[in-house]
Every structure is written in structure tokens, then in C-alpha cells.
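Taking it in order: structure first as C-alpha cells, then the write-up.
Whatever order the structure lists ligands and atoms in, that order sets their numbers, starting from 1.
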Amino acid sequence: MKFGGTSVGSPERIEQVYQIVSPLLDKKPIVVVSAVGGVTDLLIEAGQKALAGSLDISKIKAKHEAVIQGLGLDEHIIDDMHRELESLLMGIMMIREISPRTSDYLVSFGERVSCQLVAAHFRNKGVKAKHHFAYDLGMYTDNNFQNALPLPKAFEALGKNIHALDHLPIVTGFIGHNDKAEITTLGRGGSDYTAAIIGAAVGAEEIQIWTDVNGILSTDPRIVQSAHNLPVVSFKEAAELAYFGAKVLHPKTIRPAMDRDIPVVVKNTANPDHAGTRILSDSPTSTTTVKAISVKKNVSLINIYSLRMLDAFGFLAKIFDIFSRNHVVVDMVSTSEVSVTVTVDAGQNIQPVVDELSEFAQVRVDKDLSIICLVGEGMRKGIGVAGKVFDVMAKESIPVEMISQGASDINLGFVVGQEHASKAVERLHAVLFGE
Ligand code: ADP
Ligand code: ASP
Ligand code: MG
């Protein structure tokens, strides 16, 4: 049972977490928690301030103290954590550098604190609960700071160690250890992934993701307020939605669940009676062709043009080898006889790729774009979806920079300028779902 930032963001929500978990103690739940809402961002901000020469953790302390006071916990419960955080920031201030390794150590404070607060509340309520840093239970990862992957041995270790516990474990999401016992993180939003890894490791009956909305919705509710709940979604649909921007699930969450065929349930901590969304291996064929629309912002498009591509074999291999060697992940691809266009997340360092490609091709990079993705198993046999997209975009005078169908037969992705993304989603949602 994973509880996100908002779900552990206030004394009232943490009490709600207790109300949700305590009736299920017989089922031996494992609780995974995110940092108290907003704390991860504040830690990153404090790191930036330290880089610029000032040390200030007052906002972070205030968030934690509000929880401590509201729940009546021991006021010194995390004093040592705040001291350790201050020492780290002092170090950053002195050397004026934050490496990815230091950044992971820095943001780990969020989860390392929240698990202690939640466990203390459960104990005050009379539950035999203890906090655990996930790496102490076996969350071993590779060395890829800020985006680490669990090692195969993690699953075995987590399974064995957690089964041996005789209390309710309250475990940190998001963080792990590399082989040198240095703290790594699974990427922003990674607590969902932690829950899925642990769920798969122990062979859980169900993986529950408790958040601040009624499950997976037809689109981002921050764009379309009337977005509706999806009662059942297939693993494939959920994976596509998460990968292409639906923040409600970390993109890698589905994989461990799918491997062991464990249902994932997404529910609202503030509205626990709502059934939320069940993610299963098969979802019943829905009446609508498109089930949901997701948006992935901060995308760049790389267009690679070369006449040498005509009739040359090995050309695509050569291009993708360059991306692969430079560790740049490609999301969407479209090719013509003389050009290849790909989209990449703008957060990545693409310069080395552009330099290498420029040795044999003309390369153009377009920035500030968004991918809009329509997803639904019904799209396999649905006709006319692309037509509707072009129709809506033409009516709104929104240029479509790229379109791609076929990477998976259950999705259709297209790229528009970031400034048009919300409008495009609103209009499509209205046309497809009549809302
Ligand atoms: P948590 O802190 O619980 O992990 P997140 O903020 O990471 O919560 O994810 C939940 C948020 O995801 C929602 O509040 C909503 O704004 C956003 N979101 C984006 N797309 C969707 C979608 N299709 N369905 C539900 N929520 C979505
Ligand atoms: N606290 C981390 C983040 O904000 C992980 C998570 O919430 O899932 O990214
Ligand atoms: Mg999240």
C-alpha cells in the first residue's frame, strides 16, 4: 500500500492512512511512503541555495513540524535527520557542487523522515509498526543515480527480509542503495515503482497506489476538470499512459506487476470509498475506442536528414547506436526515405548526439514541444481516430509537428508546440468524450 506525498502531507491525511491500513492488518500489508508533500522539491531548492552560498532548511522543518505537532509525536523524533541534512548542505556550500550522487543523498531525506513520522503515528495508535529504509530490506539498485533500476537480487532479498518481519513495515519509497551502499533514487515519482517492486518481491495479492485523485482519469484533471474515472485499465494501457505523461503512476510501475500478474489499484486517500481504478492484465473491451489522453511536456524533436539514407542499409542502426551510446532515450520515431525524426525528453543532454549525427547528416532540433497520446485497447480496431485528431487540430489552428501510430497498436501519439498542448487536450477530450 503506497501513500503519495499529499496522502502523508498533513496530520489529517496521515490519520486517514491509519484508518485505511488498520482494518487490513490481518492481510499483512506493507506500507510504502513518499516524502511529506512538497518536501522533495524543497530539498532540491535547499540544495540550489546551498550552491549559491546560503543554508536554509526552515521550510522543510516547518512541513515536518506541522505533522509532528498535529499528530502529537515526540518533538525531537527527527532532530538527528535535520542535523544530518544541515551538515550535507554545509558540505554542498563549501564545495559548491551537487553531483547526481549528492543529489540523491539530499532528496532521500524526504522519505527517510516521512517513514519515521508515519510509523510513530501507527505506534501511538497501538499498532506494532516500525520504519525501514528500503535499502536495509534489500532494495539494491544499479549505479544510475537519479534514475536507478533495481537489481535482480533485490527481489529475492526484499521478499526474504520482508517475510521475516513480525510487525507492520513502513518503508521508504523512491530510494535504494548501489553496490557501494550509496543512496540512489528511482527517479521523480519513484515511490510508485518501489511499491510495485516490493509487491512483486513478496508476491503480494494486490499493489495499491493511494493518491489524491479517484484513480486514473480520462486525462490530467489539472487540464480538464471534468475528466472522468476509468474503473478498469489494462496493464498495457496504464503503461502507455504513465510513460506518456500521466503523472498519477511512475512509468516503470507496471512492469513488476505485469511480470507477476499482480493487480494494481489506484485509489484516493481522501475518498477511500471510491473504487478508484483497477489495472489488470486484460481490461474489458470498452465501448469507446479511446480511453484516455495523456500529455508529456518538455519534449524536443530531432530531425535527421541525409540523402545518404536512400537505399543504404544499416543507416537506422547507425543512428540509434549514437543515441544508445550517449544514453539518450527516444520516445517516438517516424521515418521517411531521407529523414528520421525522433522525440526525446528535453531533460537529457542531447548535444553529444547532435554533434555525432551532424558528422553525416543535417540535424535540426525543435524545442518546447509536447507529446499528446491517445490510449485505448479499443483503438486496435477503431477507425478514424487519426482523422478526428487532425480535424480538431485544424479547427483550432494547431500545427501537428509529428504523428506516430504503431509503436503500440493501442496508442496514437502526436507532437504539438507546448503552448498549444492544454488547448489540444481540452478540445480532444470534448470531441472524444462529449465532456
Ligand atoms: P502522489 O504524490 O500521490 O504520488 P502525484 O502528484 O504523483 O501523486 O500523482 C497524482 C496526480 O497526477 C493527480 O493529482 C493529477 O493531477 C495528476 N494526473 C495527471 N494525469 C492524470 C490522470 N490521467 N489521471 C489521474 N491523475 C492524473
Ligand atoms: N518524493 C519523491 C518525489 O517527489 C518520490 C515520490 O513522491 O514518489 O519525486
Ligand atoms: Mg507520484
Side-chain angles (χ1 to χ4, degrees), residues 1-10 13 16-17 20 32-45 60 63 103-104 106-115 134 146-148 171-176 183-197 208-231 233 237-253 264 266-271 274 276-277 279 290-297 370 372-376 421-422 425 428-429 433:
M1 303 177 77
K2 176 260 174 176
F3 293 89
T6 321
S7 304
V8 295
S10 66
R13 283 285 163 275
Q16 189 76 44
V17 171
I20 290 167
V32 171
V33 290
S34 288
V36 169
V39 165
T40 309
D41 288 336
L42 288 174
L43 285 162
I44 293 170
E45 189 186 300
I60 297 164
K63 287 244 177 208
S103 174
D104 277 357
L106 174 63
V107 293
S108 76
F109 279 89
E111 273 69 10
R112 290 196 292 140
V113 166
S114 65
C115 69
Q146 299 184 310
N147 206 6
V171 186
T172 53
F174 190 40
I175 64 174
I183 295 179
T184 55
T185 67
L186 307 177
R188 291 303 306 268
S191 299
D192 302 330
Y193 191 26
T194 303
I197 295 165
Q208 300 183 347
I209 305 293
W210 290 84
T211 183
D212 57 2
V213 281
N214 292 334
I216 300 184
L217 309 177
S218 52
T219 193
D220 188 335
R222 289 165 299 182
I223 299 177
V224 179
Q225 269 185 4
S226 63
H228 56 266
N229 157 268
L230 304 174
V233 166
E237 289 169 333
E240 295 288 343
L241 286 170
Y243 190 79
F244 287 105
K247 190 185 171 226
V248 63
L249 276 186
H250 182 276
K252 297 188 188 115
T253 311
V264 178
V266 183
K267 291 193 54 140
N268 190 348
T269 305
N271 186 13
H274 191 290
T277 299
I279 309 172
V290 177
K291 217 179 230 182
I293 309 169
S294 64
V295 199
K296 182 169 177 170
K297 296 205 165 144
S370 292
I372 296 177
C373 197
L374 311 186
V375 176
S422 296
V425 171
L428 270 176
H429 196 271
F433 306 121

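For the atom pair CG of L217 and CD1 of I223, the computed distance is 12.0 Å after rounding to the nearest 0.5 Å. One finds the OG atom of S294 at 11.5 Å from the CG atom of L249 (value rounded to the nearest 0.5 Å).
Contact between Y193 and A148 at its shortest, heavy atoms only, is CE2-O, 4.5 Å. In this structure, T172 and A134 approach most closely via the heavy-atom pair OG1-N, 2.8 Å.
Within the 3.5 Å criterion, the main-chain N or O of G215 finds no donor-acceptor partner in the side chain of N268. In this structure, T194 contributes its side chain and F174 its backbone to a donor-acceptor pair below 3.5 Å. Proximity of a side-chain donor or acceptor of D212 to a complementary backbone N or O of T6 within less than 3.5 Å is not detected. Judged by distance alone, with hydrogens and angles left aside, the side-chain atoms of Q146 form no donor-acceptor pair with the main-chain N or O of G187 at under 3.5 Å. Within the 3.5 Å criterion, the main-chain N or O of L230 finds a donor-acceptor partner in the side chain of T277.
From the protein, the heavy atom lying nearest to atom 8 (O) of ligand 1 is T211 OG1, 3.2 Å. Closest to atom 19 (C) of ligand 1, if we only count protein heavy atoms, is D220 CG, 3.4 Å. The nearest heavy-atom contact from the protein to atom 26 (N) of ligand 1 is V248 CB, 3.5 Å.
Residue S34 approaches ligand 2 through these ligand atoms, each under 4.0 Å from one of its heavy atoms: 6 (C), 7 (O), 8 (O). For ligand 1, the atoms closer than 4.0 angstrom to any heavy atom of P221 are 15 (C), 16 (O), 18 (N), 21 (C), 26 (N), 27 (C). Interface of K247 with ligand 1, defined as ligand atoms under 4.0 Å from a residue heavy atom, comprises 5 (P), 6 (O), 7 (O), 9 (O), 12 (O), 19 (C), 20 (N). Atoms of ligand 1 found under 4.0 Å from any heavy atom of D212 (numbered from 1 in listed order, with element): 10 (C), 11 (C), 13 (C), 14 (O). Ligand-side atoms of ligand 1 in range of R222: 16 (O), 17 (C), 19 (C), range being under 4.0 angstrom from any heavy atom. Residue-ligand proximity, R188 to ligand 2, at heavy-atom distances under 4.0 Å covers atoms 3 (C), 4 (O), 9 (O).
No N or O atom of K2 sits closer than 3.5 Å to an N or O atom of ligand 2. Taking only nitrogen or oxygen atoms, main chain and side chain alike, G5 does not reach within less than 3.5 Å of ligand 2. At under 3.5 Å, a nitrogen or oxygen of S191, whether backbone or side chain, sits near a nitrogen or oxygen of ligand 2. At least one N or O atom of G5, backbone or side chain, sits closer than 3.5 Å to an N or O atom of ligand 1.
For atom 23 (N) of ligand 1, the choice among N214, L217, T6 with the nearest heavy atom turns out to be L217.
In this structure, S34 falls outside the shell of residues with a heavy atom less than 4.0 angstrom from ligand 1. Residue G4 places every heavy atom at 4.0 Å or more from ligand 2. Taking 4.0 Å as the cut-off, E111 counts as a neighbour of ligand 2 on heavy-atom distance. In this structure, K2 counts as a contact residue of ligand 1, since one of its heavy atoms falls inside 4.0 Å of the ligand. Heavy-atom separations between G245 and ligand 1 are all 4.0 Å or longer. The shortest heavy-atom distance from G110 to ligand 2 is not under 4.0 Å.
In this pair, H228 and F433 present their aromatic rings perpendicular. The plane angle is above 60°, beyond the 30 to 60° band.
Side chains of D104 and T185: a donor on one and an acceptor on the other come within 3.5 Å.
Using a cutoff of 4.0 Å between basic side-chain nitrogens and carboxylate oxygens, K296 and D220 are not scored as salt-bridged.
The backbone of T219, and not its side chain, has at least one atom closer than 4.0 Å to an atom of ligand 1 (non-hydrogen atoms only; backbone = N, CA, C, O). For V213, every heavy-atom contact with ligand 1 shorter than 4.0 Å involves the side chain, none the backbone.
If you run side chain to side chain donor-acceptor pair (under 3.5 Å) between D192 and each of H250, K247, K2, only K2 comes through.
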